[in-house]
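A, B, ... follow the sequence lines: proteins, then strands. Residue 1 opens every chain. What's counted below: heavy atoms across the whole structure, side chains too, no hydrogens, waters or symmetry copies.
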2 protein chains.
Amino acid sequence: MRVVKEAEERRNEILDAADELFGQKGFDGTSTNDILVKVGIARGTLYHHFKSKEDIMDALIERYSINLLGAAQEVALDKSVPVIERILRVVMALNISSENGSGSGKEIMEHIHRPQNALMHQKIQKVIISGVPPILTPIIREGIEQGKFNTPYPYECMEMVIVYANAIFDDDRVDLTNEERTSRMLSFIFNVERLLGAESGSLMNVMQILGKGRDGNE
Amino acid sequence: MRVVKEAEERRNEILDAADELFGQKGFDGTSTNDILVKVGIARGTLYHHFKSKEDIMDALIERYSINLLGAAQEVALDKSVPVIERILRVVMALNISSENGSGSGKEIMEHIHRPQNALMHQKIQKVIISGVPPILTPIIREGIEQGKFNTPYPYECMEMVIVYANAIFDDDRVDLTNEERTSRMLSFIFNVERLLGAESGSLMNVMQILGKGRDGNE
DNA sequence: GATCGACCGACCGACTGTCTGTCTGTCACT
DNA sequence: AGTGACAGACAGACAGTCGGTCGGTCGATC
């Protein structure tokens, strides 16, 4: 049975299917056959829309990162929120993402955490590391002007913080107990305060205030 | 032609071949066939010694990390060297590695830097992130006792530093100009000093003194 | 303004080449 | 005769290709 659709619609159908399958079985564990069966198309059709399996992944990541970074950027621009709280809100936007019903990228945050999909993991990491610091840096600059922070290298600070947070908190670190995790968190906040040249405890305080929404994830 | 050897000798022949091939063509780009042709054995033999292709990679990484961390550990234990210089020496030992003729792991440092081998990259990263901070932390503690550093979280500091350094300096970052790289280096050192609670410039000074050996690597 | 035909691109699925991992069996040494 | 190193034919799966088909569209023609 032959059903003709607009290219972009098909593309999205394929991406949706791949999204779900990669989430369930990982990139390597998912065959192109799985994808095309799920969509209900033939091999040729898949390769009409994407030039390779990896191309599908790239498209998925792009669709996802647009959502993710867009949401974070939006939060970052709301200058009515105090600097420190805004930073934390941006980070929370990154961790939660999706949910806000934009539809695509629903499952991807799940993928990121599993080490199987090394390539996807790496690519998403790259998006975050190159995409998030530029969003946060202006806020840091604001904080510097307000005398809350003090650092000659706001961008590099953010880069360091994001890279580390990603490596430690996102990853497979299931082997840590909750206590260890909390202690990691405390030392992390302490170190971030030092990097930013912020008063000791200034991040901690704000964090506890709006800390409710966080924490119990997974 | 049938040549019988001791299991471990064969294992090492296979690992040597894999080492070189992975370095040239990446893990995914290297077929098990390439490996067994290079060694001059049959498929069955390969799978007699290793249970899967990934198993070969794991063995390679283990062989390598023993060398790497062993060398670093050795440097770290030499208490005759001043604290800051010793830290830098450990880091240098990690970057250079091999060469000192231990024979195995000759090529691996090359792999680490290329993004193709996502899985290998990730596994080596993990070894470094979990292996290096425990080596460096005692040195930091020494520095704290000597009043050179001041931090309540020496381990987490090292973790942060190592994670960041790995992500930024090791990786694919070929897109950076030399100037950018230098500027990254400066901000990095500044941030590390802050994290450790060291006097500003204390790292920088020692670095310039023995800085000759570094720098011009690829 | 209804019909026709050329054209475009979405779509199909058999096919190719490659790759990993398995299995049966052989050989040498003890 | 038993054990472990070794061999190579083989199976099964998979990514990607290619020639060809079919449906929709749009301009020309009646």
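- The backbone N or O of A:Leu36 lies less than 3.5 Å from no partner atom in the side chain of A:Arg43, so there is not a single donor-acceptor pair.
- The distance from atom CG of B:Leu21 to atom C1' of C:dC19 is 15 Å, rounded to the nearest whole Å.
- As judged by a 4.0 angstrom heavy-atom cut-off over every strand, A:Leu46 is placed among residues making no nucleic acid contact.
- Atom NE2 of B:His48 and atom C1' of C:dC27 are 13 Å apart (whole Å).
- Protein atom NZ of B:Lys51 is 20 Å distant from nucleotide atom C1' of D:dA5, rounded to whole Å.
- For the pair A:Tyr47 and A:Lys53, the tightest heavy-atom approach, listed with the atom from each and the gap, is OH-N, 4.3 Å.
- Taking the charged nitrogens against the carboxylate oxygens, B:Asp34 and B:Lys25 do have a contact shorter than 4.0 Å, which makes a salt bridge.
- An OP1 or OP2 oxygen of D:dG4 is reached within less than 4.0 angstrom by no side-chain nitrogen or oxygen of B:His49.
- Whole-Å rounding puts the B:Asp55 CG to C:dT20 C1' distance at 14 Å.
- The side chain of B:Thr45 places no N or O atom within less than 4.0 Å of a non-bridging phosphate oxygen (OP1 or OP2) of D:dA5.
- The interatomic distance linking B:Glu9 (CD) with D:dG4 (C1') rounds to 15 Å, in whole Å.
- Distance alone, capped at 3.5 Å, is enough to place a donor-acceptor pair between the B:Glu193 side chain and the B:Leu203 backbone.
- In this view, A:Ser52 satisfies the side-chain hydrogen bond (donor to acceptor under 3.5 Å, both in side chains) rule with no residue, not counting sequence neighbours.
- The nearest whole Å value for the distance from the CG atom in B:Leu36 to the C1' atom in C:dT20 is 11 Å.
- The two residues A:Ile14 and A:Phe50 come nearest to each other via the heavy atoms CG2-CE1, 3.6 Å.
- The interatomic distance linking B:Phe50 (CZ) with D:dC6 (C1') rounds to 15 Å, in whole Å.
- In this structure, A:Ile14 places its CD1 atom 11 Å from P of C:dA10, rounding to the nearest Å.
- Partners of A:Asp58 by side-chain hydrogen bond (donor to acceptor under 3.5 Å, both in side chains), not counting sequence neighbours, listed by chain and number: A:Lys123.
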Generate the contact string for nucleotides 9-15 of chain D. Rules: B means base contact, S means sugar-phosphate contact only, - means no protein heavy atom under 4.0 Å. B----SB

